[in-house]
Amino acid sequence: MTQSVVIQVGQCGNQIGCCFWDLALREHAAVNQKAIYDEAISSFFRNVDTRVVGDGGSISKGKICSLKARAVLIDMEEGVVNEILQGPLRDVFDSKQLITDISGSGNNWAVGHKVFGSLYQEQILEKLRKSAEHCDCLQCFFVIHSMGGGTGSGLGTFLLKVLEDEFPEVYKFVTSVYPSGEDDVITSPYNSMLAMKELNEHADCVLPIDNQSLFDIISKIDLMVNSGKLGTAIKPKSLVTSSAGAFKKRQEKPFDAMNNIVANLLLNLTSSARFEGSLNMDLNEISMNLVPFPQLHYLVSSLTPLYTLADVNIPSRRLDQMFSDAFSKDHQLIRADPKHSLYLACALMVRGNVQISDLRRNIERLKPSLRFVSWNQEGWKTSLCSVPPVGHSHSLLALANNTCVKPTFIELRERFMRLYKKRAHLHHYLQIEGMEESCFTEAMSSLSALIQEYNQLDATKSMPAEDLPRLRIAV
């Protein structure tokens with residue numbers, strides 16, 4: 001069994017990370033009711049005897065003593081991390097896993113990347129090495145950050161180069177939250193553009209998430225609940241309830257429900273690596289099968305059914321409908337329409353009471369309406385995990401390497417150019433040592449080259465699929 005380490009950077013990264021650990025504990029508690037430290041739980045947690053001083057207290061099997069998350073928490077402000085350490089998850093982390101400062105990055109990529117990057121590089125390396133030493137077989141780093149702020153975008157992408165140099169064989173999955181057009185951080189287009197260059201060069205897979213899409217999904221769930229046509233009994237084991245068991249009020253904490261969607265994405269992404277199933281998919285298989293070219297490593301994700309994210313008992317939809325929904329634009333975690341764009345490859349990660357025949361039937365049903373590149377007409381990767389999300393019978397996570405991600409990048413470039421043409425706020429960046437105007441032009445060139453690669457693929461959309469002769473096997 002392999003292990004993964006989660007690195008949560010900045011305010012957004014740590015808030016999503018907090019949701020992820022809460023949900024992961026609930027999921028394993030529901031499956032592992034005898035509290036035995038097994039291979040499934042070891043993928044994200046260490047079992048520690050807290051009576052032993054130092055690092056000698058790790059327990060590889062037997063009863064769970066004290067679980068410690070395989071995580072590194074980084075933020076250049078103390079607020080969110082302190083909140084986590086004072087909350088119900090405080091015992092899951094210890095001070096050896098934390099790196100904090102008090103000044104913050106001031107919504108400036110250059111401060112996070114250039115200033116705090118060099119200042120904290122050795123500390124970050126030390127924490128990462130320590131986390132790696134606790135793993136028998138480290139397979140993957142999950143980095144969670146936002147693109148619009150200073151710490152998440154700057155230090156979060158600095159970290160990717162550190163990981164690449166120190167752990168070249170370990171996969172780097174990056175969950176990046178992109179700002180919406182109505183973002184209240186004026187400099188977010190600069191931060192996002194500078195961060196994009198680092199993602200292009202140093203990440204293995206990027207799961208882009210759009211704040212606006214998360215908000216739209218939550219609004220849709222609320223509409224389903226409040227329409228009066230659906231059940232409204234609170235689910236006792238819902239994954240959207242708070243750690244304390246009290247039910248969250250979205251009006252008070254609107255980001256809680258949005259963060260939970262991203263946490264559910266990560267749970268479903270790793271379910272096949274943690275639990276048994278008739279068709280398992282290793283994390284390294286995602287990159288191997290879905291990323292045909294190094295730079296085109298941006299995977300559009302969708303979660304269905306939406307009711308698995310709600311706090312109420314909404315009647316489940318037909319299984320076939322779940323597969324159809326995964327390809328509709330309303331269920332994507334960025335504003336995108338994959339059905340009307342070009343697929344390079346697609347992964348379907350199913351959980352729960354679903355048969356391989358159901359999976360194959362739905363792929364055959366949907367294939368005629370989806371456009372795949374001519375050289376990869378059978379570009380499907382599938383997995384079946386027998387353990388469903390807590391309180392539900394089944395769920396589906398679809399990951400698509402699809403040209404529909406291109407409009408997100410074009411919009412980012414346009415927002416960047418509006419500021420950059422006027423040289424607005426540029427001096428805040430250029431006064432940081434190591435920052436030059438060429439950093440901006442190189443970042444823009446990098447993004448433009450990426451957009452052009454997607455344009456070239458889109459240009460092949462109208463071409464007929466190559467009807468390649470299949471190998472005939474004599475029986």
When you compare the side chain of [Y] with that of [X], does any pair of heavy atoms fall below 4.5 Å?
X: Ile124; Y: Leu128; result: yes
X: Leu384; Y: Met349; result: no
X: Gln3; Y: Ser42; result: yes
X: Ser66; Y: Asp91; result: no

Regarding [X] and [Y], is there a side-chain donor-to-acceptor distance under 3.5 Å anywhere?
X: Arg335; Y: Ser180; value: no
X: Arg274; Y: His28; value: yes
X: Thr157; Y: Glu198; value: no
X: Gln212; Y: Asp216; value: yes

Quiz item: Does His134 offer a backbone N or O that forms a donor-acceptor pair with the side chain of Arg70 under 3.5 Å?
Solution: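 Yes, Arg70 side chain to His134 backbone: donor-acceptor pair under 3.5 Å.
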Quiz item: Side chain of Asp38, backbone of Ile41: donor and acceptor closer than 3.5 Å?
Solution: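 Such a contact is found between Asp38 side chain and Ile41 backbone.
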Quiz prompt | Centroid separation Phe142 to Trp21 less than 6.0 Å | solution =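 Ring centroids of Phe142 and Trp21 are no less than 6.0 Å from each other.
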Quiz item: Taking the six-membered ring where the residue is Trp, are the ring centres of Phe20 and Phe44 under 6.0 Å apart?
Solution: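 Yes, the ring of Phe20 comes within the 6.0 Å limit of the ring of Phe44, centre to centre.
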Quiz item: After noting the C-alpha distance and the side-chain angles of Glu364 and Lys367, does the key distance pass the salt bridge (Lys or Arg N to Asp or Glu O under 4.0 Å) rule?
Solution: CA-CA 5 Å; Glu364 290 304 317; Lys367 261 169 72 174; 3.7 Å; yes
Quiz prompt | Pairing residues for Ser386 by the side-chain contact (heavy atoms from CB on, under 4.5 Å) criterion, not counting sequence neighbours | solution =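 Once residues adjacent in sequence are excluded, Ser386 has no partner under the side-chain contact (heavy atoms from CB on, under 4.5 Å) criterion.
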